[in-house]
Number of protein chains: 2
Amino acid sequence: MSSTPSCNPGFSCGLDATLRVIAGKWKPLIIYFLIQGPNRYGELKRAVRGVSDKMLIQQLKELDSDGIVTRHDYQEVPPRVDYTLTPLGHSLAEALTPLCNWGSDNMAEVARIFAERESWSAGAPGPRPS
Amino acid sequence: MSSTPSCNPGFSCGLDATLRVIAGKWKPLIIYFLIQGPNRYGELKRAVRGVSDKMLIQQLKELDSDGIVTRHDYQEVPPRVDYTLTPLGHSLAEALTPLCNWGSDNMAEVARIFAERESWSAGAPGPRPS
DNA sequence: CTGCATCCCCTCAGATACTG
DNA sequence: CAGTATCTGAGGGGATGCAG
């Protein structure tokens with residue numbers, strides 16, 4: 001029955017379950033862009049810059065079979081396909097929001113950290129080994 | 001917000017920035033367990049099931065150099081080391097909460113989906129997934 | 001903790017089908 | 001030819017885990 005056990009087979013906790021769904025380099029981005037508007041393949045590809053066709057298609061396919069998005073093929077001549085979030089996917093996208101905000105809020109900080117890390121390889125005078 | 005740069009060098013959006021920090025198979029779990037309580041190395045290892053020593057140490061080290069956690073070595077015998085979240089790490093952990101909740105809320109759903117996907121190889125008499 | 005063997009993820013480059 | 005969506009194969013590199 002649906003007694004929602006505290007710790008189900010396979011998942012050590014809720015976060016664990018979530019991670020299985022959004023695992024991968026692009027899925028979080030894809031999901032998050034999907035809720036913001038663009039849903040045609042081309043739009044998505046432009047939004048998630050740096051992703052290759054293969055990856056985009058692949059991830060989209062996985063998200064589809066995971067019940068996060070729905071693929072709609074208009075079967076038209078200039079190919080037209082769009083992807084929309086399912087209710088489940090929509091709620092997931094919303095759960096992603098705080099992460100996005102965190103990144104926005106701390107972007108300067110994060111950028112600085114990464115910049116430093118790159119610079120020490122270039123010979124930074126950092127009194128900072130450990 | 002007033003001083004929040006729209007799109008900084010390298011990051012296409014906030015989510016992108018965040019993902020660079022929590023990239024990896026274990027980091028989100030580690031961070032989230034860290035906020036839930038105490039965390040000696042051993043505790044952590046028990047919490048994040050399936051992780052190897054090498055990976056745990058490695059990820060912890062990265063999180064440390066990313067300013068997310070702080071490593072404290074008591075230099076005792078028996079070795080005692082603990083890791084605590086920095087303010088930055090703490091806020092990140094909080095941003096992770098909705099994701100954890102999402103997983104908990106939809107664990108049954110997710111488990112079902114994954115179960116079905118695995119069953120195709122076992123020949124389940126399922127009433128057709130579609 | 002370091003080295004080594006492995007595996008999967010991801011990127012690159014090229015191909016297909018159809019229209020204006 | 002240009003544009004859209006998708007697929008295929010090859011290959012590198014990073015991530016992961018085991019043993020010394």
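Bear in mind that the values here come from a model prediction, so they are computed numbers and not experimental data. Every chain is numbered from 1 and lettered A, B, ... according to where its sequence line falls, protein lines coming before strand lines.
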* Which part of the nucleic acid, if any, lies within contact of G24(B), taking any heavy atom under 4.0 Å across all strands shown: a base, the sugar-phosphate backbone alone, or nothing? -> nothing
Using atom names, set out every protein N or O paired with an N or O of nucleotides 6-8 of chain C below 3.5 Å, distance rounded to 0.1 Å.
none

* Tell me yes or no: between the side chains of Y41(B) and D53(B), is some donor less than 3.5 Å from an acceptor? => yes
* To do: Give a yes-or-no answer on whether the side chains of D82(B) and Y74(B) include a donor-acceptor pair shorter than 3.5 Å.
  => yes
* Would you sort out whether R46(A) and E43(A) count as a salt bridge (Lys or Arg N to Asp or Glu O under 4.0 Å), showing the intermediate values? => CA-CA 5 Å; R46(A) 242 181 305 154; E43(A) 296 273 40; 3.2 Å; yes
* Hey, can you pull the residues of residues 45-59 of chain B with a non-hydrogen atom under 4.0 angstrom from DNA chain D? -> S52(B), K54(B), M55(B)
* To do: Could you point out which residue of V69(A), L85(A), L92(A) forms a side-chain contact (heavy atoms from CB on, under 4.5 Å) with L63(A)?
  => V69(A)
* Any side-chain heavy-atom pair from T18(B) and C100(A) closer than 4.5 angstrom? -> no
* How long is the line joining CG of L60(B) and P of dC1(C), in whole Å? -> 11 Å
* Asked: Within less than 4.0 Å of OP1 or OP2 of dT11(C), is there a side-chain N or O belonging to K25(A)?
  -> yes
* To do: Might you point out which heavy atoms bring S91(A) and W102(B) nearest each other, and give the distance in Å?
  => OG-NE1, 2.8 Å
* Asked: In whole angstrom, what separates D73(A)'s CG from dA5(D)'s C1'?
  -> 9 Å
* Asked: Does some side-chain heavy atom of R20(B) sit less than 4.5 Å from a side-chain heavy atom of D16(B)?
  -> yes
* Around R80(A), counting heavy atoms of other residues, nucleotides and ligands shown, do more than 12 lie under 6.0 Å from its CZ? -> yes
* Are N39(A) and F33(A) side-chain neighbours, meaning at least one heavy-atom pair lies under 4.5 Å? -> no
* To do: Could you tell me the separation between the CG atom of L19(B) and the P atom of dC10(C), rounded to a whole number of Å?
  => 12 Å
* Report the C-alpha separation of Q59(B) and K25(B) in whole Å, then their side-chain angles, then the decisive distance to 0.1 Å, and conclude whether the side chain to side chain contact (heavy atoms under 4.5 Å, CB included) test is met. => CA-CA 9 Å; Q59(B) 306 285 295; K25(B) 192 176 178 180; over 6 Å; no
* Asked: Y83(A) near the nucleic acid: base, sugar-phosphate alone, or nothing, with a heavy-atom cut-off under 4.0 Å?
  -> sugar-phosphate
I'd like a table of atom pairs between the protein and nucleotides 17-20 of chain C - only N or O on both sides, under 3.5 Å - with the distance next to each one.
none

* **Minimum side-chain heavy-atom gap W26(B)-M55(B) below 4.5 Å** => yes
